Amino acid sequence: MGEAFEPKVVAFCCHYCAYSAADLAGSMRMEYSPNVRVVKLMCTGKVDTIHLLKAIEDGADAVFVAG
Amino acid sequence: MSNAVKQQDTKKVGAVMVVGGGICGMQSALDLANSGFKVYLVEETSSIGGRMSQLDKTFPTNDCSMCMISPKLIEVSKHLNIELITNAQVQSLSGEAGNFKVKVLKKPRYIDVTKCSSCGDCVQVCPVVQSSEFEGGLTTRKAIYKRYPQAIPSAFAISKRGTSPCKIACPAHISVQGYVALIAQGKYKEALNLIREENPLPAVCGRVCTHPCETKCRRGQLDEPISICHLKRFVADEVRAGGQDKPPSALPSKNKKVAIVGSGPAGLSAAYYLALWGYKPTVFEALPVAGGMMAVGIPAYRLPKDILNAEIDFIKSAGVEIKTNTPIGKSLSLKDLKAQGYEATFIAVGAHKNNKLGVDGEALKGVIPGVELLRDAALGKSLSIGQRVAVVGGGNVAIDAARTALRSGAKSVMILYRRSRQEMPANDEEILDAEEEGIEIRYLVAPTRIIGADDKVSAIECVKMKLTEPDESGRRKPVPLEGSEFKIDIDSVIPAIGQSIDLSFLGSESSIEVNRGSTIKADKLTLQTNVPGVFAGGDAVLGPATVIEAIAEGKEAAISIDRYLSGKNPHDGRERNFTEAEVSIKDIEKLPRKQTPKLSPEERKRNFREVALNFSAEEAKAEAERCLSCGICSECYQCMIACQAKAINHAMKEEVVDLDVGAVVLAPGFEPFDATIKPEYGYGRMQNVVTSMQFERILSASGPYQGQVRRPSDGKHPVKIAWIQCVGSRDETCGRDYCSSVCCMYATKEAIIAKEHASEIQPTIFFIDVRAHGKGFERYYESAKNRFGVRYVKGIISGIKELQKSKNLVLEYTGEDNQKVQEEFDMVVLSVGMVPSASTKDLAQKLAIDLDRFGFCKTEELKPNITSREGIYVAGTFDAPMDIPESVMHASSAACLASQAIAAARGALVTEKKYPQETELNGKEPRVGVFVCRCGTNIARVVDVPSVAAYAATLPYVVHAEENLYTCSTDTQAKIIKVIKEKDINRVVVASCSPRTHEPLFQDTIREAGLNRFLFEMANIRDQCSWVHATHPVEATEKSRDLVRMAVARVVNLEPLHESPAPIKHNALVIGGGLAGMTAALGIASQGFEAVLVEKEKELGGNLRHIYYTLDGADTQALLASLLAQIRKEPKIKVYTGAKIEDFSGYVGNYRTTISTASGGTEDIEHGVVILATGGVEYKPAEYQSGKSDKILTQLDLEKKIAKGDAAAKGLKSVVMIQCVGSREEAHMYCSRVCCNQAVMNALKLKEKNPEVEVYVLYRDIRTFGMNELKYREARDKGITFIRFDVEKKPDVKIQDGKVEVKVFDSVLGTDILLEPDMLVLSSAIRPQPDAQEFSSKLKLPLTQDGFYMEAHMKLRPLDFVNDGMYLCGLAHGPKSISESISQARGAVSRAMTILSKLYLMVGGVVSVVDSTRCVACLTCVRSCPFGVPVINDDKVAYIEPAACQGCGICASACPRKAIKLRHYSDAQVMAKTSVLCST
Amino acid sequence: MIVGERKPLNEIKEKVKDYKKLLILGCGTCVAVCMAGGEKEVELLASQLRIANGLDKKEVEIKEATIQRQCDKEYIEPIVELAKKYDAVLSLACGAGVQLVADMLEPMPVIPGLNTRFIGIAEEEGKWSERCRACGNCVLGEYGGICPITRCPKSILNGPCGGSQGGKCETSKERDCAWALIYNRLAKQGKLENLYKVAPPKDFRTQDFPARQVNENYVKATKTEEKEATAKK
């Protein structure tokens, strides 16, 4: 690996809160690292451990759940 | 809405107007729209959301206010039957209940909400900075703005206060404020372009303009006007110096020739605009140079030739041809021009003929007309000017001539003017300059004769003048003073008393009409002469005028010629009506005007060098920043350039919207009390004194400090923060003697949240009484004290001092031992009260409804929500101060009343969108269409959109990929539909903004194309990509590809979902026959539906049977009687008394309840909804010797005694009341809300019956919230004694020889007091029904810690249970007053109507389904569902009723056998996204 | 039901490290319900192993399957062929299931993925507690339906011991004293006099190892006839 390690992070976000918050960050033109890929769910109650594990299996370096 | 029960009645209008778009108005609107009515939601500001949108968190759950409100905002905005009318005010209302006609004045937003994509590009370029109202002035916003990021309508708006006076004053109406603002920002090019929109000669005007704009400048009333003219010159010179100053590219050529006669400002201006619009203008100039009077009338020391020529060259470069030495007249007539193919002509010949003095000797040599002198000087001809020169006249030409003469060799120059300095028309600066240069000006002198010798001037004879008294027009006429003639020896006389127009060129055969003053007759607006195609302007029409007037005429002529040549109506929309912006200059700091430097008189005396020098960039900036932004929006039009969606329209006008409505709900909300009215608290003077509303913003993550607790003076993190309660509440001195109800709680919340933000914060709340009277409030207050360490100090702050250096604040108050204490704080928050919104006074007048003396809407206690005018209902804080849940209940209650009044017209005006038949997938392979949005430049400037679209095309199953400028625009929608059909696309991905706001729109589009709306997915590449990675374009592009790939992977896994209609029972079961239950049953019946009312007691009435009057003295027994009578004769209500609920099952729309009846049988009732109104009970006290003496009783007992005229109540000498008996203590940590009011009420009654009686109320906090405070005040005024005790030192009650003794520690006196009352009245608590526990498990309804029923959501769903179709009201919900119970009951009806009004419910969609072959009936789902939906059915497997499932998916993720799938979010569908995370 | 608990990942990893082809076999009954060995846990474990192998740069083929019960051969039979394609089976059944699968797949290695804990009940979602030691000589009738053998850490039959305090056991404040529970229950039943009886030492001989049980009534006729036939011989 010649270049610096750039992790891929998957964020599982609740439609009502965390996803809206991510949108708000946009409206306010805040900046954050472009490594995050948000996956929207209706409710983080639906987040299943397997979703997190699968994301890692599929190559994510980290996952987080926000809701 | 075809699934609404349609009951039409032609007389009643099935629509309601809701005024106010706050949480209350929104709730009313949603209730009404969801129960079959059309709603017009009229909001005064540019967006809905009201005050709640400004709050950070809410008490007592600490939920984020915005998180709660934003789904509501979106629901309102997407609702087909709610029409949102923003920036609007009710103008008038006529007609009658059931059929009102309303006129609503809709102010312009200047932005087309259907086009605005809310990208914010306009904000970046807007130069006008305004204090942000939303942020409480703690930060700024632009003139183009959105109140807050989530605001609905999701579109920007422009603040305009009218047109700035400078723009109005300018004859060309240049956006003066606009270019001044742009100069302040250093945007010189933009500023110059803006000027050139109206004036192609900015460098000229920046030097010679008479600047009427400055005369009218509002700043002039404060100190001095903005130096507008010099700023214009500055920016023109600055841009020219930078080179690359080019005219904008012209419109495509129209191949039409236009002749312009005269190259003065009018001619050049007309030519310039015509050239830009695609015409071929040729300017014919008689003189050898172009520029008219600018070239040959204005001396070079004022307007250097190179400057003028540069501007003329600029105009030429726009495509204007100028033919000098080409006079129109004999050799080339107007007719000839026509023959040469010039299709229109503009005559702008100027006024070059000098007026004669009309005295003897004018023909003498040495008399040189001013105009001639100037022309010759300009053309470089040698001047035969004498040593001593007299110039006659007082205008600019006279001054110019005098100064030119001085520069051309004259030794002494004087100006003779017949009036005084005041009347002199020349510019002040010019006069001063002339004087500086040594020119003598003689006032009140007129020449009578020019005396010559040898044909040559030798002297001039003058007469002294005097001014008459002002005549009717205010003018003072000069009249000669008889015999005052005198002689001045001179060599030259230069008459400069005006010019006229030489129209001889028209020739004798001209048919062009002329005026007597030998000007050309032309239409004022269009400048059209009587000859078609011939236009005239400038001096030729106006007579001698200013350069800027001529320029203005030139542009108008160009417009007219354009219209003439393109066959458009010349007059339409030409009238310019301006409303002058009114701006206050109060409190604005004086700042002197920046002076431009100029050459010293010595440096300029004998030459034509430019006298006035330029501003430096810093000076220009400083000067421009002095602008007061009178109009707010400066009309600089930068937004129009920035907006690619073309959503901005500065020409929008206000309009009047006519509405037909059956009823009106008023929810205009409140304003925070203006704290400057209480100067002792230093608000507005001391930076670190903020209002509670400002503090909410300080706490908010989207607020001025991004959620960090900082103080305004220095941005430091405060440690000691004080809250001062009752600012503008409970205060007669400012006319606000009511209690604002919510401040104690919000201060508590703010203190807790501040502490959560930064644990080092030490909050102190200075209070009079802590009023925590709502549900769950007492516990919250306790936790503030005990868990968060919030310090509560009882005391009134007498004043605040600011420490000069630290800006800390010293508060003085009376401490515990009655000592004055001074304490220093870093910051002070004023808990400001609620005041009715400013506009409500006007609103009330227009609607003819009564207000109380504070400006709140007048209502009667037992008729909550009902205004003085039939058909108009009130809700929320316009009625009285209240918190959010109360407002929401109120909203539903008002909605109930409104809809009840027009129930007959339900469904008449609602619409439902029709969609084409859905195409079946039939196992077809996915064919995906991907639409990637540029969002103007919002996405495209960061993300390489073409590459993302190209990439999308390579993904599996993608058959179409394209990019769009705006995917949400109407034309793109049409295109998407077309493409779907053409390419047989069966799944769609849109990569653009947020699905939160736009998914419904695109889903609607694909439905129109015949696709199931679930076959859709969005990739959020704007809000969550380009906007947040603006500085990382490469990564953002990569992320966009990833997001698109993930979206495609998911969309191919999606399945169509169908909702199907499920029939419902159109009746309600109301449990509990007390006030709330009876009101609810009657409510249901008045909406036209049946209700079954079940009461466990033998008779209806509940607690109301034991209540005799209210605090305001209303007769509650009469209310009871009337309710009973109404129920008796209401055929739609079936009553079961002495009945018990035995069994309960079902779900929304289809409940089944078994009751055992009084007769001993059982009965099954099928019903669609349930309203639970099971009430509460009075606590029977065990403390304070209760039950041990007949002199000890409860408030209810006392009330009964008083009402029955019981003798025992009559002869009383002394009565003691003890508050909080059974309330506010461990195990019952809640306030019973009504007892303080009850005590005040009974105390007043006792006093009323017997003024001699002494009444002592022993209390912890008096909680007479809202308007009840007035009664508390009355009680104190009437001599009732209130003694505060501490919960640690409760009163001690003894019975000695049949006498009751009460000992209480008075903290004010610091001593025990012994009272021996004839009667001890215990204000006992309200308790939940004893069987609530059992009942709640039967109905599967949760209880709070205190045993009352728990609503679905404390704030926004106070009347709903979590389970759809179940509602609650009255004491079952928690302690409350009669009026509140009535309001809640009606509110519950309104909520129920959202179900009952439907013919059927649509069920299915995103719900969980059980695969019964896999289910092992392990009960995991049953246990984990928060809504209690899954059951083990007769087949011994789990079953989830789709009508009841909320789609959260918790069961699906919990199921160990993976037997449950949440539709649309199956594992495969969720994981499809991550499965392609790393493939590229 | 049987309550099991997933073994720590590292232990499992160690046990399966030599195999290139692995079948993870879940059991859909008791251990599924106690969220230790059903379909869901098979999926999770498989994913965890794949991630772990990935990190170790090991190529292992992992197959997931779950059958209704691993303690009945009829349920195992359909997957025998499939299982044989693999190097080893990682069974998420209770100890009984693991053994039956091992018997049926002999000589294939069958590795347990769970620790079988106890016979218990679900207190609430995610919480299970032991209720029965399968001692073979039930005394619940004497003690109000509360088993002192299982629920008293000392398994004493004449309790309580001196360590009972405030209804809690001296071994843990979280744990109810079984004897306090018994007392309260018997009090409600009005049978406190039961406690006056001194229970003799329990006959642990009934708990024979390994236990086996036959209910002749359910043993299929053919087999009975066979037995009879054999007996006659």
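Chain letters run A, B, ... following the sequence lines, proteins first, then strands; residues in each count from 1. Just so it is clear, the model here is predicted, and its values are computed rather than measured.
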Using side-chain heavy atoms (C-beta onward) and a distance below 4.5 Å, is B:Thr1420 in contact with C:Met35? yes
Please tell me if the side chains of B:Val1416 and C:Val33 come closer than 4.5 Å, counting only heavy atoms from C-beta onward. yes
Under 4.0 Å between a side-chain nitrogen and a carboxylate oxygen: does that hold for C:Glu39 and B:Lys1458? no
Residues C:Lys40 and B:Cys1455: closest non-hydrogen pair is CD-O, 3.5 Å
Assess whether atom NZ of C:Lys168 is packed by more than 12 heavy atoms of other residues, nucleotides or ligands within 6.0 Å. yes
Under 4.5 Å from any heavy atom of chain C, what part of B:Ala1454 do you find: side chain, backbone, both or neither? both
What pair of heavy atoms forms the shortest contact from B:Arg1457 to C:Ala32, and how long is it? CD-CB, 3.9 Å
For the NZ atom on B:Lys1140, are there more than 12 heavy atoms of other groups (residues, nucleotides or ligands in this structure) within a distance under 6.0 Å? no
Spacing of CD belonging to C:Glu124 relative to OG belonging to B:Ser1424, to within rounding of 0.5 Å: 12.0 Å
Heavy-atom count check: over 12 atoms from other residues, nucleotides or ligands less than 6.0 Å from B:Asp1434 CG? no
Neighbour count >12 (heavy atoms, 6.0 Å) for atom CD, B:Glu1142: yes
Does atom CD (C:Glu174) have a neighbourhood of more than 12 heavy atoms from anything else shown, all under 6.0 Å? no
Spatial distance of atom CZ (B:Arg1414) from atom CD (C:Gln68) [nearest 0.5 Å]: 10.5 Å
More than 12 heavy atoms of other residues, nucleotides or ligands under 6.0 Å from CZ of C:Arg6: yes or no? yes
Interatomic spacing from CG in B:Asp1467 to CD in C:Glu43 - rounded to 0.5 Å: 6.0 Å
How about C:Glu77: does its CD atom have over 12 heavy atoms from other parts shown lying under 6.0 Å from it? yes
